[in-house]
Amino acid sequence: MQTDPTDHVATLKDTFARFTHTDNLIPLLVDALIVTALGACTFGVMLPPLMLGYTAMCLRIMRGEKVSIGESFQGMERFGASLVLGLLVLGAALLGSLALGVGALVAGFFLSYVFCVQYDRPELGPVDIARESFRLVKDHLAETAVLWVIGAGLGTLLAATLVGSIAVFAFSSLLTAVLYTRFVGR
């Protein structure tokens, strides 16, 4: 179901339908737990490749493909490239945090689509991926702001429990893939 990305209610309905689809729900939740747990246990070293693999799962769901548990590990095939991208994102957040923390949020906001771009365009280097994410956000500022508001709102409501936190991570990642797919027309 392709809808206008500026129709926020339709976008949420589409994302929720894909999220709760029988074939998608368990792999999304289990892999969200894998990504967060292994990312934390490795002090973030494995987080970028796992995020790349998880983003690939979300984009595959958008393309109507079947996903299965453990597919986030496929991001390890591009460990070096995703780690460098993760370090670039971390560096931008650290530099942004010098501006009373607000800059870190701004950096994160403009880098919202980095793993989508990295998966879709593996020929790009980390700086070009960041530029492309920046361009996408700039071109779709309102839609990306709605994505962040929804993620923050759901996170505020559900983050008190592990299951809630995992569900918010999974839903927000899928919503990011929904918007990215619509923005690039694929």
Side-chain angles (χ1 to χ4, degrees), residues 5 27-28 30-63 65 67 70-99 101-141 143-145 147-148 150-152 155 165-166 168-186:
L28 281 171
V30 170
D31 273 36
L33 180 61
I34 290 169
V35 169
T36 55
L38 286 179
C41 289
T42 61
F43 301 104
V45 173
M46 287 180 58
L47 186 60
L50 290 170
M51 278 298 302
L52 177 61
Y54 194 81
T55 300
M57 284 178 66
C58 292
L59 289 170
R60 289 185 58 235
I61 288 170
M62 283 306 300
R63 294 174 181 142
E65 297 174 27
V67 296
E71 285 188 28
S72 55
F73 287 110
Q74 290 179 355
M76 301 303 264
E77 294 170 3
R78 293 175 44 201
F79 182 84
S82 60
L83 182 61
V84 170
L85 181 61
L87 290 172
L88 178 78
V89 170
L90 177 63
L94 289 174
L95 281 174
S97 69
L98 296 174
V102 175
L105 289 174
V106 172
F109 179 75
F110 280 99
L111 297 173
S112 292
Y113 303 106
V114 291
F115 290 109
C116 293
V117 174
Q118 186 177 37
Y119 174 72
D120 240 8
R121 302 190 54 203
E123 74 280 2
L124 295 180
V127 173
D128 291 329
I129 290 169
R131 283 187 187 134
E132 181 62 15
S133 178
F134 184 89
R135 185 195 64 77
L136 284 168
V137 172
K138 187 179 67 141
D139 291 349
H140 304 282
L141 203 56
E143 295 87 356
T144 304
L147 164 72
W148 273 61
I150 290 167
S165 296
I166 297 301
V168 169
F169 172 79
F171 186 81
S172 295
S173 297
L174 186 59
L175 181 57
T176 301
V178 167
L179 288 175
Y180 172 81
T181 302
R182 291 178 183 165
F183 297 160
V184 297
R186 290 185 201 123

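What you see is a predicted model; the values in this text were computed from it and never measured.
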Would you tabulate the side-chain donor-acceptor contacts of residues 76-96 under 3.5 Å, counting partners in other chains and residues two or more places apart, or write 'none'?
from, atom 1, to, atom 2, distance (Å)
Arg78, NH2, Gln118, O, 2.6
Ser82, OG, Arg78, O, 2.9
Ser82, OG, Phe79, O, 3.1

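Looking at residues two or more places apart in sequence or on another chain, you find a ring-ring contact (aromatic ring centres under 6.0 Å, His included) between Phe169 and Tyr54. Every residue two or more places apart in sequence or in another chain that forms a side chain to side chain donor-acceptor pair (under 3.5 Å) with Thr144 is listed here: Tyr113. Taking the side-chain contact (heavy atoms from CB on, under 4.5 Å) definition, one finds that Leu47 meets it with Val35, Met51, sequence neighbours left out. By the side chain to side chain donor-acceptor pair (under 3.5 Å) test, Thr55 pairs with no residue at all, sequence neighbours left out. Scanning for side chain to side chain donor-acceptor pair (under 3.5 Å) contacts around Ser112 gives Trp148, with sequence neighbours left out. For Arg131, the salt bridge (charged side-chain N to carboxylate O under 4.0 Å, His left out) partners two or more places apart in sequence, or in a different chain, are Asp128. For Phe73, there are no ring-ring contact (aromatic ring centres under 6.0 Å, His included) partners at least two apart in sequence or on another chain.
Between Asp31 and Gly70, the shortest heavy-atom distance links the atoms OD1-N, 2.7 Å. In terms of heavy atoms, Glu143 sits closest to Leu179 at O-CD1, 3.8 Å. Closest approach of Gly39 and Leu50 over heavy atoms only: N-CD1, 4.3 Å. Scanning both residues, Ser133 and Phe110, for their nearest heavy atoms gives OG-O, 2.9 Å. Minimum heavy-atom separation, Leu111 to Ala130: CD2-CB, 3.7 Å.
By the 4.5 Å heavy-atom criterion applied to side chains, Leu141 and Phe109 are counted as neighbours. Inter-residue side-chain proximity for Val30 and Leu33 is flagged as unmet; no heavy-atom pair is nearer than 4.5 Å. A heavy-atom distance below 4.5 Å is not found between the side chains of Tyr180 and Met62. Leu28 places a side-chain heavy atom less than 4.5 Å from the side chain of Cys58.
Applying the side-chain hydrogen bond (donor to acceptor under 3.5 Å, both in side chains) test to every pair with at least one member in residues 168-179, sequence neighbours left out, gives no pairs at all. Residue pairs satisfying the salt bridge (charged side-chain N to carboxylate O under 4.0 Å, His left out) criterion with at least one member in residues 32-60, sequence neighbours excluded, are listed as follows: Arg60-Glu65, Arg60-Glu71.
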Val184 and Leu136: CA distance, side-chain angles, deciding distance, side-chain contact (heavy atoms from CB on, under 4.5 Å) verdict: CA-CA 9 Å; Val184 297; Leu136 284 168; 4.1 Å; yes
